[in-house]
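Report on the structure given below.
Keep in mind that the numbers below use all heavy atoms, side chains included, and drop hydrogens, waters and symmetry copies. Proteins come first, then strands; the chains are lettered A, B, ... in the order of their sequence lines, and each starts at number 1. It should be emphasised that the depicted structure is a prediction, and the values quoted were computed from it without experimental measurement.
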2 protein chains.
Amino acid sequence: MLDSEWRLTPQRRAVLDVLQAATDHPTAAEVFERVKIASPGIGPATVYRSLALLAANGLALELSLGDGSATRYDGNVSRHDHLVCTSCGSASDIQLVLPSQLLEQLTDASGYAINRYDLQFHGLCPNCQYPTTHPQEEMNG
Amino acid sequence: MLDSEWRLTPQRRAVLDVLQAATDHPTAAEVFERVKIASPGIGPATVYRSLALLAANGLALELSLGDGSATRYDGNVSRHDHLVCTSCGSASDIQLVLPSQLLEQLTDASGYAINRYDLQFHGLCPNCQYPTTHPQEEMNG
DNA sequence: CTTGATGCAAACTCTTTGCAACCAA
DNA sequence: TTGGTTGCAAAGAGTTTGCATCAAG
C-alpha cells in the first residue's frame with residue numbers, strides 16, 4: 001500500500017476531511033462516528049482501511065498515547081510531538097526540536113539508521129490541575 | 001492498586017522474576033509462556049493481573065512500541081528510552097538525557113505539570129541494515 | 001473466619017479479513 | 001471488462017471480568 005496508485009474515493013476523501021478538521025486526536029471509532037455525518041452509508045471496515053491507506057501514504061499519522069487505548073489518528077502530518085494529560089486523556093500538539101547532535105551521537109553509538117522518533121510528555125493539563133468546578137472527565141481536547 | 005497493601009505471591013514473584021531476567025521486551029503472552037516454566041499451573045489472567053499490579057507499583061514498565069502490537073513489559077524500571085527496529089521489531093534500551101531547559105520551557109509554555117516522557121527512536125537496527133545471510137525475522141532482541 | 005488471590009471460561013474491545021456486489025477506468 | 005473498492009458479517013488478537021474455589025493472615 002505504499003505506492004501512489006490509489007484513488008481518493010468519496011469515502012477516503014470523507015475520512016481525510018474528518019482528520020483534517022479534527023483538532024483532537026480521534027480513534028478510528030471516533031473518526032467513523034464523524035464520517036457517518038457526511039457519508040451515512042460508510043462502514044467501519046472502510047474507515048479502518050482508509051485510515052491505514054492514508055497513514056501509509058503520509059496523509060495521516062498513527063499515534064499511540066501509551067495508555068493502552070485504541071490507536072489515534074492525526075491529520076497534522078508535520079513533525080511534532082505530544083503532550084498527553086494523564087487525567088482527562090487529552091493530547092495537544094507541541095513543536096520542539098531535539099538537538100541534532102543528540103541524534104548523531106545516538107546513531108554513532110547504536111549503529112541504528114534512525115529515521116524518526118516519537119516523543120510524548122505525560123502530566124496534568126492546566127484544566128485538570130486547576131479545576132474550575134470539578135476535574136475534567138472528557139476524553140479529548 | 002496504587003497502595004502497598006499487596007502480597008508478593010508465588011505467581012507474582014514468578015512474573016517479576018521473568019521480567020527481571022528478560023533482556024527483550026516481552027508481551028504479556030510471552031511473559032505467560034516463560035512463567036509457565038516455573039509455575040506450570042498459572043493462568044493467563046493471573047499474568048495479566050500481576051503485570052498490571054507490578055506496573056502500578058513501579059516494579060515494571062508498560063511499553064507501547066507504536067507498531068500497533070501488544071503492550072510490552074520492561075523489568076528495567078530506571079529512566080531510559082528505546083530504539084525500535086522497524087524491520088525486525090526488536091527494542092533496545094538506551095540512556096539519554098533531554099536538556100533540562102527543554103522540559104522547563106515546555107512546562108512554562110504549556111502549563112502542563114509534566115511528570116514523565118516517553119521517547120522512542122525508530123529505524124533499522126545494525127542486523128537489519130547489514131544482513132549476514134538474510135534479513136532478520138525474529139521479533140525481539 | 002475473612003479477605004484477597006487464583007484459574008477457568010466467557011465476555012469485551014479493537015481491528016482485520018473473506019466475500020459478493022459495485023464502480024471507475 | 002477488469003481490477004480496485006465497498007459494506008457486511010465473521011473472525012481474530014489482546015485483554016478484562018464474573019465467579020467459585022483456594023490460601024494466607
Side-chain angles (χ1 to χ4, degrees), chain A residues 1-19 25-57 59-73 89 139-140, chain B residues 1-19 25-57 59-73 89 139-140:
Chain A
M1 285 277 189
L2 275 165
D3 63 323
S4 48
E5 298 296 324
W6 58 280
R7 289 156 39 212
L8 191 56
T9 63
Q11 290 90 339
R12 291 169 182 173
R13 160 106 257 153
V15 169
L16 184 56
D17 286 347
V18 164
L19 283 186
H25 299 77
T27 63
E30 289 165 345
V31 171
F32 177 51
E33 287 306 313
R34 298 175 199 180
V35 165
K36 276 195 291 191
I37 298 170
S39 298
I42 200 171
T46 299
V47 172
Y48 277 98
R49 284 187 283 230
S50 298
L51 288 169
L53 184 74
L54 294 172
N57 286 279
L59 294 172
L61 291 180
E62 297 184 326
L63 187 62
S64 167
L65 257 41
D67 55 354
S69 62
T71 302
R72 290 162 184 282
Y73 291 87
M139 280 306 290
N140 289 297
Chain B
M1 285 277 190
L2 274 164
D3 63 322
S4 47
E5 297 298 324
W6 59 280
R7 288 157 38 211
L8 191 56
T9 63
Q11 290 89 342
R12 292 170 181 171
R13 161 103 258 153
V15 169
L16 184 57
D17 286 346
V18 164
L19 284 186
H25 299 77
T27 63
E30 289 165 344
V31 172
F32 176 49
E33 286 307 314
R34 299 175 199 180
V35 166
K36 276 195 291 191
I37 299 169
S39 297
I42 200 170
T46 299
V47 172
Y48 277 97
R49 284 186 283 230
S50 297
L51 288 169
L53 184 74
L54 294 172
N57 286 279
L59 294 173
L61 291 179
E62 297 184 327
L63 187 61
S64 167
L65 258 40
D67 56 354
S69 61
T71 302
R72 289 162 185 281
Y73 291 87
M139 280 305 290
N140 287 296

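Applying the side-chain contact (heavy atoms from CB on, under 4.5 Å) rule to Ala28(B) yields the partners Tyr48(B), Leu51(B), Tyr73(B); only residues at least two apart in sequence or on another chain are considered. Judged as a side-chain hydrogen bond (donor to acceptor under 3.5 Å, both in side chains), and not counting sequence neighbours, Thr71(B) has no contacts.
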List the atom pairs, donor and acceptor, that lie under 3.5 Å between side-chain atoms in residues 36-46 of chain B and the rest of the protein, sequence neighbours left out.
residue: Lys36(B); atom: NZ; partner: Glu33(B); partner atom: OE2; Å: 3.4

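Counting non-hydrogen atoms under 4.0 angstrom, Thr71(B) reaches the backbone sugars and phosphates but no base. No engagement by Gly68(A) is indicated, since no non-hydrogen atom pair under 4.0 Å with the nucleic acid exists.
Considering OG of Ser64(A) and CG of Leu63(B), their distance stands at 9.5 Å, rounded to 0.5 Å. Atom CZ of Arg13(A) is separated from atom CG of Leu8(A) by 5.0 Å, given to the nearest 0.5 angstrom. Separating the CG atom in Leu54(A) from the CZ atom in Arg49(A) is a distance of 13.5 Å, to the nearest 0.5 Å.
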Exercise. Please walk me through it: do Leu53(A) and Arg12(A) pass side chain to side chain contact (heavy atoms under 4.5 Å, CB included)?
Worked result: CA-CA 9 Å; Leu53(A) 184 74; Arg12(A) 291 169 182 173; 3.4 Å; yes

Problem set entry | Annotated protein contacts, base or backbone, on nucleotides 16-25 of chain D with a non-hydrogen cut-off under 4.0 Å, one of B, S, - each | BBB-----S-

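An OP1 or OP2 oxygen of dG7(C) is reached within less than 4.0 angstrom by a side-chain nitrogen or oxygen of Thr46(B). Residue Thr27(B) has no polar side-chain atom (N or O) positioned under 4.0 Å from OP1 or OP2 of dG14(D).
In this structure, CD of Glu5(A) is placed 11 Å from C1' of dG4(D), rounded to the nearest angstrom. Atom CZ in Arg12(A) sits about 13 Å away from atom P in dA24(C), given to the nearest Å. Rounding to whole angstrom units, CZ of residue Phe32(A) and C1' of dT13(C) are separated by 15 Å. Between the P atom of dA25(C) and the CG atom of Leu8(A) lies a distance of 12 Å, rounded to the nearest Å. Regarding Leu53(B), its CG atom lies at a distance of 17 Å from the P atom of dT15(D), rounded to whole Å. To the nearest angstrom, C1' of dA5(C) lies 17 Å from CZ of Arg13(B). Counting to the nearest Å, the P atom of dT16(C) and the CG atom of Asp67(B) are 12 Å from each other. Note: CZ (Arg72(B)) to C1' (dT15(D)) measures 16 Å, nearest angstrom.
Comparing the local axis fitted to the first five base pairs of the helix from dC1(C)-dG25(D) to dA25(C)-dT1(D) with the one fitted to its last five gives a bend of 30°, rounded to 10°.
A distance-only check finds a donor-acceptor pair linking the side chain of Arg72(A) to the backbone of His25(A) [under 3.5 Å]. A donor-acceptor pair under 3.5 Å links the side-chain atoms of Asp67(B) to the main chain of Ser69(B), judged by distance alone.
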